[in-house]
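Down below is the structure, laid out as structure tokens.
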Amino acid sequence: MSTPINKKTDSGIAIKTVYNASDIADNKQALENLQPGEFPYTRGVQPDMYLGKLWTMRQYAGFSTAEESNKRYHYLLSQGVMGLSVAFDLPTQIGYDSDHELADGEVGKVGVAIDSIEDMEILFKGIDLEKVSTSMTINATGFILLAFYVALAKKQGADLNKLTGTIQNDILKEYAARGTYIYPPKPSMRIITDIFEWCSTNVPKWNTISISGYHIREAGSTAVQEIAFTLSNGKAYVKAAIEKGMDINVFGKRLSFFFNAHNNLFEEVAKFRAARTMWASIMKELGATDPKALMLRFHTQTGGATLTAQQPLNNISRVTIQTLAAVLGGTQSLHTNGYDEALNLPTEEAARIALRTQQIVAFESGAPDTVDPLAGSYFIESLTAEVEKKAWELIAKIDAMGGSVAAIESGFMQDEIAKSAYAYQKDIESGEKIIVGVNKFTIDEAPTNIAFKIDDSIRQVQIEKINTLKQNRDNTKVAACLDAITTAAKGTNNIMPLVVEAVENKATLGEISNALRLVFGEF
């Protein structure tokens, strides 16, 4: 008799050689009655899923100046992209204008530099904001970028009731995994609930937060940790909004999530199905009754951390597997990474291939032709239950600490992610985990030339823009707007109307961030 081969998922869940009906016996009756579009939405949030409407095909893009990024957006829209997804540079993400000394060397590097309403106008030149859905990956300064966007929409004459899109706006995962925060946790949570409240009446179709597991996974978490930590953070935001007196059935409809898709196809599908089930239970327990407030809707991005600099064309295959995982798992929106992103910002060719990957899955693979096609698989159903069970165990630990904010302040989440990242890297270095082209099936390769690099000279371009802006605006009015923001921050009034007024009067992102630093300090 041969020795059993012990396999496990990337979360350490043991995989049996064969799965049978006995593996789902405990859930058999529930599974037989479970339908897509019905609580707890394990099988999807829509009864017809992609038969009614395909997922939104996004491409995450932003680099250099607003002018250069605008050219890429027009190219992507011409190639069939259905929604834009904006990447911002690091100074923009942490509240510094391009002329700040700490911005030196980083302007336009990992995203587009946006210092003012004038940059936002250039970024979306020739794009009707009523007709495009825009996702903005921005957190600490998300409220300012949203204000820029709304001010620009008003300038275009757009109906704010028709604006659709998302700001990431998830500061808790910044403390846990990514690091682009400005203010301490409590004032940061206050800003987020101000956004929830203001958007519910001013831009009602806007998704006010994209609660993000993506960066938690990129930092090294497992699939189980990704959903456990993300859903815990989601709970914290919901509780903060309820404490502010907001109606869970209103703001709950505008919450969305952002997950990673990695290479372990079946675990990823199980993860997405488990996350929907768990969020429906969490929201019901917190008092939600409206079905739309119980539904977990999510955007997916393929795994940046899975891309290799070695044999980069192999990444096309990885992204294809990850795309299938997202689609089979029921995503509402998807960004596919360029094959060259371990080396540089994606070239136009790489961005096009990434988009074509989605289109081939959509129109040639048959994967979207029926709802939840893997449902009923002994393996998938068993794995979904196991992922859910392990994620609930982690959430129970976090709840016992007092919730996500307390778990982050104590370093629990950070430590758990670091341990998982270390274990994963150790498995790669020992050869237990095979990465094709990295620790097995390697070839001698010539050093790869960086195909797409941002020139440091663009900082000077941005500085000149800022100087011209400040010379031509009413600086007395700007100072009054900034004082009003500082005053509001000391009290309890919603800061969003004041931020919109400030950007309309051409206050810069750095100036608004600093007006709040005076009250909130830095973390």
Side-chain angles (χ1 to χ4, degrees), residues 5-12 15 59-61 63-64 72 75 79 87 90 105-106 108-111 214-215 217-223 260-268 300-326 334-361 364-365 417-456:
I5 298 168
N6 296 317
K7 290 281 187 180
K8 60 182 182 180
T9 70
D10 289 342
S11 293
I15 301 174
Q59 283 306 110
Y60 184 50
F63 57 89
S64 183
R72 177 64 66 88
Y75 171 75
Q79 295 298 307
L90 281 174
E106 290 295 343
K109 288 293 176 71
V110 299
Y214 184 85
H215 303 97
R217 191 67 177 279
E218 289 291 286
S221 82
T222 65
N260 210 312
H262 270 224
N263 292 331
N264 194 313
L265 177 67
F266 298 114
E267 182 174 50
E268 294 300 295
T300 310
Q301 182 173 339
T302 57
T306 68
L307 303 177
T308 64
Q310 300 93 327
Q311 301 179 39
L313 288 173
N314 292 344
N315 294 326
I316 297 173
S317 300
R318 293 185 176 101
V319 169
T320 304
I321 291 168
Q322 294 161 11
T323 300
L324 274 170
L334 178 61
H335 162 83
T336 35
N337 289 331
Y339 68 83
D340 56 357
E341 288 188 53
L343 298 163
N344 45 247
L345 289 168
T347 56
E348 205 166 88
E349 179 198 49
R352 183 177 63 251
I353 290 171
L355 175 60
R356 293 289 181 260
T357 301
Q358 292 200 52
Q359 291 165 336
I360 289 166
V361 169
E364 296 185 28
S365 74
I417 293 167
K419 284 177 198 168
S420 294
Y422 176 70
Y424 186 78
Q425 188 59 34
K426 221 167 78 168
D427 285 348
I428 292 171
E429 289 178 12
S430 71
E432 187 175 330
K433 176 77 179 170
I434 292 170
I435 307 294
V436 173
V438 175
N439 63 358
K440 199 162 186 178
F441 312 114
T442 57
I443 58 172
D444 290 329
E445 294 178 272
T448 307
N449 290 324
I450 301 297
F452 190 3
K453 191 169 184 287
I454 302 302
D455 197 296
D456 283 330

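The first residue of the sequence shown is numbered 1, and numbering continues consecutively from there. Since this is a predicted model, take the numbers as computed values, not measurements. We use all heavy atoms of the structure for the numbers below, so side chains are in, but hydrogens, waters and symmetry mates are not.
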Margin query: Taking atom OH as the centre, does Y75 end up with more than 12 heavy-atom neighbours from other residues, nucleotides or ligands that are less than 6.0 angstrom away?
Written below: yes
Could you give the distance from [atom1] ([X]) to [atom2] ([Y]), rounded to the nearest 0.5 Å?
X	Y	atom1	atom2	answer
L90	E106	CG	CD	5.0 Å
S11	H262	OG	NE2	10.5 Å
I353	I316	CD1	CD1	4.5 Å
L343	Q310	CG	CD	9.0 Å
D427	Q425	CG	CD	9.5 Å
N315	L307	CG	CG	4.5 Å

Check: Pick one: which of N337, N263, T357 meets side chain to side chain contact (heavy atoms under 4.5 Å, CB included) with T302?
Finding: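 The single option meeting the side chain to side chain contact (heavy atoms under 4.5 Å, CB included) with T302 is N337.
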Item checked: Any donor-acceptor N or O pair under 3.5 Å, side chains N314, T308 -> no
Item checked: Donor-acceptor pair between N264 and T9 side chains, under 3.5 angstrom ->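 Looking only at side-chain atoms, T9 and N264 do not form any donor-acceptor pair under 3.5 Å.
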Which atom of [X] lies closest to which atom of [Y], heavy atoms considered:
X	Y	result
R352	Q79	CD-OE1, 4.0 Å
T222	S420	CG2-OG, 3.8 Å
G437	T442	O-CG2, 3.6 Å
A421	A219	CB-O, 3.7 Å
V361	L324	CG1-CD2, 4.2 Å
G303	Y214	C-OH, 4.0 Å

Are the side chains of [X] and [Y] in touch, meaning some heavy atoms are under 4.5 Å apart?
X	Y	result
I360	S365	no
T336	T320	no
Q359	R356	yes

Margin query: Any side-chain to backbone donor/acceptor pair from E445 onto Q311? Under 3.5 Å, distance only.
Written below: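 Indeed, once roles are kept as given, a pair shorter than 3.5 Å links the two residues.
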Notebook entry, point to check: With respect to N260, which candidate in E268, R217, H215, E218 satisfies the side-chain hydrogen bond (donor to acceptor under 3.5 Å, both in side chains) definition?
Noted result: E218
